[in-house]
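Some notes on the structure that comes next.
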Amino acid sequence: MSAKVSNKKIFDFSLLRRVFRFAAPYKKKFYISLGLAILLAILSPIRPWLIQETINNWVPKGAAAELVAKTKFIEVVIWITVIQVGLLIVEVFFRFYFSFLTAWLGQTVVKDLRVKVYRKVLGLNLSQFDTTPIGTLTTRTINDIEAINDIFAEGLIPIIADLLSIIAILVFMFWVDWRLTLISLAPFPFLIIATYYFKESVNKSFIRVRNAVSSLNAFVQEHITGMGIVQAFAAEDKEFAKFRNINKEHRNANIKAIFAYSVFFPLVEIVLAVGTGLMVWWAATHALKLEGVEAQSLIGKMISFYLCLNLLFRPLRVIADKFNVLQMGMVASERVFKVLDNDDYIKTEGSYAPTQVKGKIQFDHVSFAYVEDRYVLKDISFTANPGETIAIVGHTGSGKTSIISLLNRLYHIQQGALTIDDVKIEDYQLAALRKNIGVVLQDVFLFSGSVMENITLRNPAISREQVVEAAKMIDMHDFIMQLPGGYDYNVMERGSSLSLGQRQLLSFIRALLYNPSILILDEATSSVDTESELLIQHAIDKLIAGRTSIVIAHRLSTIRKASKIIVLDKGEIKEIGNHEELMKNQGFYYKLHQMQFEKQGVI
């Protein structure tokens, strides 16, 4: 899911059809908007025609000496004025409803599309989040989807309405006087050429703008999240320089687009002025050559044509811009559909959904790689029987966390089989599988919200009493009650108002609440103080009774009670046994134990 967008094949009708499929549930309103576009096009030339008729047929009669003719002229002008005002009111109403309807369609499609994209993002494999910046996915879910709104509000339907209006005005002008029409539109080809170059220039600039926005989002999100590291290493100036460069690219892309607008819009006015001048010149040079009714109608035609030229050039001023907006909506839709079409998602075809599993875990010659052919786990085989505590130890990068990630089906294995209660994990319903596995991760993530909401993850099925009971199990209840608001205390984004140990203890309550058959503790006690570790260890002793537990820890003192210890190194199992057996063998585990306790001054 690259953040970059190419400028090849910007307009793709297959993409447009796919976007409009999201409008299918609202096709009635879509057809009403098209009907309004046709109606507005029909109304466009009526007012110029009424003015032309008034000037040609009634103004001369009003200038006559007879009182009856003057009275009749005043009555007709009043009626025509009333009709004009009525038409204007009707047109304003239709234009309002047309604009509202197209904007409503766009926002409704955006709402549905954003829900679908977010649902897709929730189901993506973690490998996607490992390789795609969070800011880029944020851009896809918010900015790019919002740009799709413009396909409806300012893109295709408004373009159709403008084209129909242009056609209606041109038909009227040719019907009135084809020679005067051709003279008035003589500079028109220059405008078409200018419009093409304007469209291409702005389109390239908009692509640069979209890419720059994506880069800005990714950069800002990443650096705000990691602000502590930036400040700790005094890297503010260096990172600020990077931000200025990205921001400068965003500004330059916008300035290039602004320059194109600054050239194009005055050019449209010049072409309009030239067209009007040519019309007046032709009428002035040919007025003496015309006779009878044709000569008398010339003034009405000129005024009518002047109004028509303004009505003609009004949509021409913005149609190129609208086409660019449409193209950028198409670019955004292509990027969004790449997310929806991503096939690296968690497969949920499994149908096996037991209420509770016994907890037997078996890895059978499992190999796994985050990147193809670069295996981090190699031919892993072991069995954890129900109720056993399995400890996994090894150096950083040995593959400990990868094992539990596979157990939760956060990633797919490339080789071998992984079963729970002798059933392949692929055959489990994902929700049923994960409901039976409680996890306390190394990097504790808390959402912005109350302590209660973070513990329950806003699950209405979990009562406050259950939360209090779980908190008391690990002696956290008194601490929580000391916080302002108790269980309703806002922990802020990522739990920044709590210490690392307190965040880990909250996540422990979260795991306890689900009463899992399998418990995973990934470095659960490696980053907390001694007091917090004792609290957790106390809770673990209560929790692991009758449960299959997998404990990953650097502190070997915390896993001496384990039924079985698995020693990993570079993705391979080096040793399996309990603490006494492994120490007696004086192998890999023994060396780890000696190194750790020598550093601590124990041995």
Side-chain angles (χ1 to χ4, degrees), residues 1 5-6 8-42 93-124 128 136-168 203 206-207 210 315 318-319 321-349:
M1 287 183 286
V5 178
S6 68
K8 296 180 180 179
K9 199 180 179 183
I10 295 299
F11 198 84
D12 188 336
F13 282 100
S14 64
L15 277 176
L16 189 63
R17 285 194 298 270
R18 191 170 177 184
V19 170
F20 272 86
R21 287 195 197 109
F22 283 89
Y26 319 104
K27 59 184 178 182
K28 181 178 178 181
K29 288 184 170 60
F30 176 75
Y31 290 136
I32 290 174
S33 66
L34 289 180
L36 287 171
I38 296 171
L39 187 59
L40 287 168
I42 295 171
F93 172 77
F94 284 156
R95 286 197 180 279
F96 160 76
Y97 191 50
F98 174 77
S99 299
F100 174 79
L101 209 55
T102 53
W104 183 91
L105 268 173
Q107 288 297 330
T108 306
V109 168
V110 161
K111 180 204 73 173
D112 295 344
L113 191 55
R114 187 172 285 132
V115 167
K116 189 166 185 177
V117 169
Y118 189 67
R119 172 64 66 183
K120 179 73 177 188
V121 169
L122 286 175
L124 288 175
Q128 288 297 308
T136 298
L137 281 175
T138 303
T139 301
R140 299 290 180 272
T141 311
I142 300 175
N143 302 73
D144 286 338
I145 292 180
E146 193 62 40
I148 294 175
N149 166 60
D150 295 334
I151 293 178
F152 297 89
E154 299 180 38
L156 186 65
I157 303 176
I159 286 174
I160 292 173
D162 287 340
L163 289 175
L164 289 174
S165 178
I166 290 170
I167 291 170
N203 180 56
F206 277 1
I207 290 175
R210 299 301 302 174
V318 295
I319 198 167
D321 190 33
K322 287 180 179 178
F323 191 76
N324 276 319
V325 168
L326 174 61
Q327 284 185 312
M328 291 317 300
M330 299 299 292
V331 170
S333 68
E334 183 180 14
R335 292 158 59 144
V336 169
F337 288 140
K338 280 183 179 178
V339 177
L340 290 177
D341 295 339
N342 191 331
D343 58 1
D344 189 15
Y345 58 90
I346 302 169
K347 306 296 189 295
T348 57
E349 293 88 352

*Give every residue pair that meets the salt bridge (Lys or Arg N to Asp or Glu O under 4.0 Å) criterion with at least one member in residues 93-110, sequence neighbours excluded.*
Glu91-Arg95
_Taking side-chain contact (heavy atoms from CB on, under 4.5 Å) as the definition, give me every residue that meets it alongside Tyr31, ordered by chain and number, with sequence neighbours left out._
Lys27, Leu34
*Quick one: pull up CD1 in Ile167 and CG in Asp162 and give me the separation to the nearest 0.5 Å.*
11.0 Å
_Aromatic ring proximity, centroids under 6.0 angstrom, Phe152 and Trp104_ = no
*Could you walk me through whether Leu40 and Ser165 pass the side chain to side chain contact (heavy atoms under 4.5 Å, CB included) check?*
CA-CA 7 Å; Leu40 287 168; Ser165 178; over 6 Å; no
*Separation of Leu113 CG from Phe22 CZ (nearest 0.5 Å)*: 4.5 Å
*asked:* Under the rule for side-chain contact (heavy atoms from CB on, under 4.5 Å), what residues qualify as partners of Ile32, not counting sequence neighbours?
replied: Lys28, Leu36, Tyr97, Leu101
*Using side-chain contact (heavy atoms from CB on, under 4.5 Å) as the criterion, list what pairs up with Ser333, not counting sequence neighbours.*
Leu15, Val19, Ile148, Met330, Phe337
*Mind checking the CG-OH spacing from Leu105 to Tyr26? Nearest 0.5 Å is all I need.*
9.0 Å
*Considering all heavy atoms of both residues, which atom of Arg18 and which atom of Asp341 are nearest to each other, and what is their separation?*
NH2-OD1, 2.6 Å
*Pairing residues for Glu146 by the side-chain contact (heavy atoms from CB on, under 4.5 Å) criterion, not counting sequence neighbours*: Gln107, Val110, Arg114, Asn149
*By salt bridge (charged side-chain N to carboxylate O under 4.0 Å, His left out) - contacts of Asp150 (at least two apart)*: none
*Please round to the nearest 0.5 Å and tell me the distance separating atom CD1 of Ile151 and atom CD1 of Ile157.*
10.5 Å
_Atom pair CG/CZ of Leu16 and Arg21 - distance to nearest 0.5 Å_ = 10.5 Å
*Looking only at non-hydrogen atoms, find the nearest pair between Ala161 and Phe98 and report the distance.*
CB-CZ, 3.7 Å
*Is it true that Asp144 and Lys338 have a side-chain N and a carboxylate O under 4.0 angstrom from each other?*
no
*Out of curiosity, Ile159 CD1 to Ile166 CD1, how far, rounded to the nearest 0.5 Å?*
10.5 Å
